[in-house]
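Below: one structure, written as structure tokens.
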Amino acid sequence: MNEENWQETMELPFHSPEEREEWYKFECPKCGKKDEVPGFVIDEFAMGKDLKEGEMPGVACPECNAEMKFRFTFKREPY
């Protein structure tokens with residue numbers, strides 16, 4: 001396989017190529033870092049947690065490890 005296009009043939013878990021995927025935008029209140037998290041990751045974080053309706057699971061900032069705040073949901077075209 002040609003190394004330049006290995007990603008083109010790679011199958012991604014949890015993804016359906018026909019669907020637009022839901023993503024979540026988070027922002028760190030401590031350092032201001034913004035991050036986009038795919039819906040399937042949020043679903044995994046929420047499993048086993050006792051969350052109230054509409055409550056988001058905690059997401060740690062990749063820069064400073066503070067808890068990020070959920071801002072909004074958006075749809076992204078599949079890769």
Side-chain angles (χ1 to χ4, degrees):
M1 180 184 328
N2 184 345
E3 287 185 32
E4 291 179 25
N5 61 2
W6 66 270
Q7 290 178 324
E8 293 174 15
T9 59
M10 186 175 103
E11 289 188 30
L12 298 174
F14 311 110
H15 294 281
S16 172
E18 300 86 35
E19 297 178 13
R20 290 177 54 163
E21 186 176 12
E22 192 167 59
W23 284 68
Y24 297 85
K25 181 77 126 184
F26 287 84
E27 185 174 355
C28 180
K30 185 175 178 184
C31 71
K33 169 86 173 157
K34 293 178 176 73
D35 202 6
E36 297 174 351
V37 182
F40 74 89
V41 172
I42 295 299
D43 291 345
E44 289 292 321
F45 286 170
M47 286 181 67
K49 302 272 194 295
D50 189 24
L51 300 174
K52 296 176 183 148
E53 180 76 26
E55 186 179 5
M56 296 296 284
V59 175
C61 176
E63 294 292 323
C64 69
N65 210 32
E67 185 171 336
M68 298 185 86
K69 301 295 179 195
F70 169 69
R71 294 298 178 218
F72 59 88
T73 303
F74 64 98
K75 298 280 186 176
R76 178 177 283 170
E77 295 296 327
Y79 296 104

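- The two atoms that bring E67 and G58 nearest to each other are OE2-CA, 3.8 Å, heavy atoms only.
- Within the 4.5 Å cutoff, no side-chain heavy atoms of E21 are placed close to those of K75.
- In this structure, the separation between CZ on F26 and NZ on K34 is 14.5 Å, given to the nearest 0.5 Å.
- Looking at heavy atoms from C-beta onward, M68 lies in side-chain contact with P62 at the 4.5 angstrom threshold.
- Hydrophobic clustering (side-chain heavy atoms under 4.5 Å, transitive across Ile, Leu, Val, Met, Phe, Trp, Tyr) groups V59 together with V41.
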Q.
K33 vs E27, test: side-chain contact (heavy atoms from CB on, under 4.5 Å). Steps then yes/no.
A. CA-CA 6 Å; K33 169 86 173 157; E27 185 174 355; over 6 Å; no
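- Atom-to-atom distance recorded for R76:CZ and E36:CD is 4.5 Å, nearest 0.5 angstrom.
- Going from atom CE of M56 over to atom OG1 of T73 covers 6.0 Å, rounded to the nearest 0.5 Å.
- Annotation for E63 and C31: closest pair CB-SG, 3.9 Å, computed over non-hydrogen atoms.
- In this structure, Y24 and F70 have tilted ring planes: the angle between them lies in the 30° to 60° band.
- Sorted by first and then second residue, the ring-ring contact (aromatic ring centres under 6.0 Å, His included) pairs with a member in residues 42-61 form an empty list; sequence neighbours excluded.
- There is a path of hydrophobic side-chain contacts, each under 4.5 Å, that joins F72 to W23.
- D35 is not listed as a side-chain neighbour of C61, based on a closest heavy-atom distance of 4.5 Å or more.
- The heavy-atom pair separating P57 from I42 by the smallest distance is CG-O, 3.8 Å.
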